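Reading through the structure tokens given below for one structure.
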Number of protein chains: 2
Amino acid sequence: MTDTAPGTANRTPTRRYGTRPTMKDVAARAGVGLKTVSRVVNGEPGVTPDTERRVQEAITALGFRRNDSARILRKGRTASIGLVLEDLADPFYGPLSRAVEEVARAHGALLINGSSAEDPEREQELVLALCARRVDGLVIIPAGHDHRYLAPEMAAGIATVFVDRPAGRIDADAVLADSFGGSHDAVAHLIAHGHRRIGFLGDLPGIHTAAERLRGYHAAMSEAGLPVHDAWVSLGPTDPERVRTAATAMLDAAEPVTALFAGNNRVTVTVVRVLAERPAPATPVALIGFDDFELADLLSPGITVIAQDSAQLGRTAADLLFRRLDGAGGDPRRLVLPTRLIPRGSGELPPPATS
Amino acid sequence: MTDTAPGTANRTPTRRYGTRPTMKDVAARAGVGLKTVSRVVNGEPGVTPDTERRVQEAITALGFRRNDSARILRKGRTASIGLVLEDLADPFYGPLSRAVEEVARAHGALLINGSSAEDPEREQELVLALCARRVDGLVIIPAGHDHRYLAPEMAAGIATVFVDRPAGRIDADAVLADSFGGSHDAVAHLIAHGHRRIGFLGDLPGIHTAAERLRGYHAAMSEAGLPVHDAWVSLGPTDPERVRTAATAMLDAAEPVTALFAGNNRVTVTVVRVLAERPAPATPVALIGFDDFELADLLSPGITVIAQDSAQLGRTAADLLFRRLDGAGGDPRRLVLPTRLIPRGSGELPPPATS
DNA sequence: TAGCCCCTGGACAACGTTGTCACCGCCGGG
DNA sequence: CCCGGCGGTGACAACGTTGTCCAGGGGCTA
């Protein structure tokens, strides 16, 4: 009684506000043993219909709901998985997250997710918080490059699958899109349409996908025997200001690029804006973007993209995760999903005739 | 030993795979008491630097990580909140979810979220699962219209805030956008530009926002003394097929509508597609959409929209939730956030001169 | 030097559930 | 009539942590 707030003592004579009935309360009210309540709640066999009815009545009368915290502590499994990604608000990650959730749901698990905001420290903090909660598994879109901090957790049985980018300095399952191949295809496509001076606007070079896409760009250029000017490549944060500046510089150079390859959806959108704002040139600048985005087909011209199915990425990763949780052993696997070039017009524009 | 997998017995002599060290193990290894370990782990005062060092060493040596399940059970607070929305993959909910997450993070809480897929049963299932986990609070974008099932949970202390749509048949906090006002503004805007026959393409009439937007449409029309033909209003699922059919019917009628008001972002996008696919009419059809969406400004014409800030919606709801959790009392509140008309061209198109 | 207090550290119960095991009464068979 | 078995039920420990309480020792003051 001593820790009962004075004001609430009279309002709820039987139990304090915020205190919920437990199985013990239900048992007492139904006049049965604790374990019998447990059996009823979990649908275990071995309870007379009459007893069950009495217990059910007590449950509804008291508004009892099983405390899963205690259940989890006892059983050791939390039936929940963690998802750490860069930014839930990014249209690329929404479908991915939803796909992971659907798979989790099919396995009766809940999804706890957090955004790292591309900050390695925040990623680690989040991941370890999830480990402390003893999630059964983790799906991680890594922001950092060193995941050795995860080794003890994985050794302790927390299944982990990396998505979109591989783990750093540890061996772990990963599900990736074919950034190199997709990028190569895009640049080759532009070259096939006659372009020789192609600019690449990419994400921070430390990000695995950005590096791979740059590699694909270089590979396609060199396969075609084309030189790459330093001024044609710009890597950095994807905020509109930087992209805008970089794109403008490439387009206004003495020998301007005739085509642009944008390294991800945010960059593509900014480039579209930049191109739209410039006075219409005699020959429009060709553009291909990595990642598809809604309405890309409705712009004029439609934006040619390298599409990767982010939902499929998430689904594949979650499937792999649950296979691991179901006991699938073997060495860490790396799955690479293909990308697809969707021509819509902007990537098929020819270079100026003079070029 | 009997339940140790044969292959792992030799690899981990001291403990089975999947079993983690506990504070007891740490205490034993450090040669201190259990509670001392607890003090170190939680940064509580009253431990000599030397003792603390020994404990820290034992912690890293064993790879110990506090089991938050047990902590939660003991403390009664989970430091996590649940978010139930319709579809994480929807660009409207991504920013909302992210905003809720940020607020939660600022309060040291994790976010568990789930998609109801607009299915009341699934919503209830999810919400109750979250209650069983004893989340501290809930942010709900309701799919159903009867939330009496939540009453016992709320009485037991789970703070709950509804977003985007109010709760059904119970009294609860709600944060809404001004659907009626925004809708009214949109239609008035079209009327001001000379339109008399305006079509409304809305979501399922059971959804609160859809009903409110319809109400705003009717209000604006009747204020202007304009009649509303049955054929000008179409409510239903927002899948492209239905919207396409409905829009086409309105546009091909004997007395076709000269302007369309789309009830949400999915509808707007489909309508834009429909209009783009039709042979260009002498006078283009005016269009205003509820919800802003990326690239709306880059289409030609730009799409005039009624913008509601979904991130702000989420932030406001989460703020309110944590104020409740911090003990703020008082009656349930209903906050209504304003919408904003953003003219971009499509809503300013005049009707045909003959009209 | 005696007495007291503070500081550190540990023993123990409790959180609410589930798994194990034992008990009770009743049945059929010997 | 007794015994074995079985279906139904409950007592009890354990999961890993935190809060409460107490003990012991060292330093300080009177």
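Every value quoted in this text rests on a predicted model; they were computed, and no experiment measured them. Note on naming: letters A, B, ... go to the chains in the order of the sequence lines (proteins, then strands), and numbering restarts at 1 for each one.
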Handout entry: Side-chain donor-acceptor pair present, S116(A), E86(A), cut-off under 3.5 Å
Key = no
Problem - 5' priority, DNA chain C, between F64(A) and R39(A) [closest heavy atom] - result: F64(A)
Handout entry: Pairing of R165(A) and E118(A) as salt bridge, 4.0 angstrom limit
Key = yes
Problem - Between T78(B) and D136(B), a side-chain donor and acceptor under 3.5 Å - result: yes
Handout entry: Touch class at under 4.0 angstrom, heavy-atom based, for S38(B) against every strand present
Key = base
Handout entry: Side-chain donor/acceptor of T60(A) to backbone N/O of Q56(A), under 3.5 Å
Key = yes
Problem - Residues R134(A), D68(B): salt bridge by 4.0 Å N-O rule - result: no
Exercise for the section: Assign V41(A) to base, sugar-phosphate, or nothing according to its heavy-atom contacts below 4.0 angstrom with the strands shown. Expected result: nothing
Handout entry: Residue met sooner reading DNA chain C from 5', once R74(B) and P45(B) are mapped to nucleotides
Key = P45(B)
Completion exercise
Nt span of DNA chain D in reach of chain A heavy atoms at under 4.0 Å, 5' end first, is dG8(D) to dG16(D)
Problem - Exercise: do N67(A) and R133(B) side chains pair donor with acceptor under 3.5 Å - result: no
Fill in the blank from the handout: Taken to the nearest whole Å, NZ/K35(B) to P/dC7(C) is 17 Å
Practice task
Check every strand shown and say whether N42(B) touches a base, only sugar-phosphate, or nothing at a heavy-atom separation below 4.0 Å.
Solution key: sugar-phosphate
Practice task
Using only heavy-atom distances, determine whether the side chains of E123(A) and H147(A) contain a donor-acceptor pair under 3.5 Å.
Solution key: yes
Practice task
Return the residues of residues 48-56 of chain A meeting this criterion: a heavy atom under 4.0 Å from some atom of DNA chain D. Order them by number, or give none.
Solution key: T48(A), T51(A)
All N/O donor-acceptor pairs, side-chain side in residues 104-112 of chain B, below 3.5 Å, sequence neighbours left out:
residue	atom	partner	partner atom	Å
R105(B)	NH1	E125(A)	OE2	3.1
H107(B)	ND1	V103(B)	O	3.0

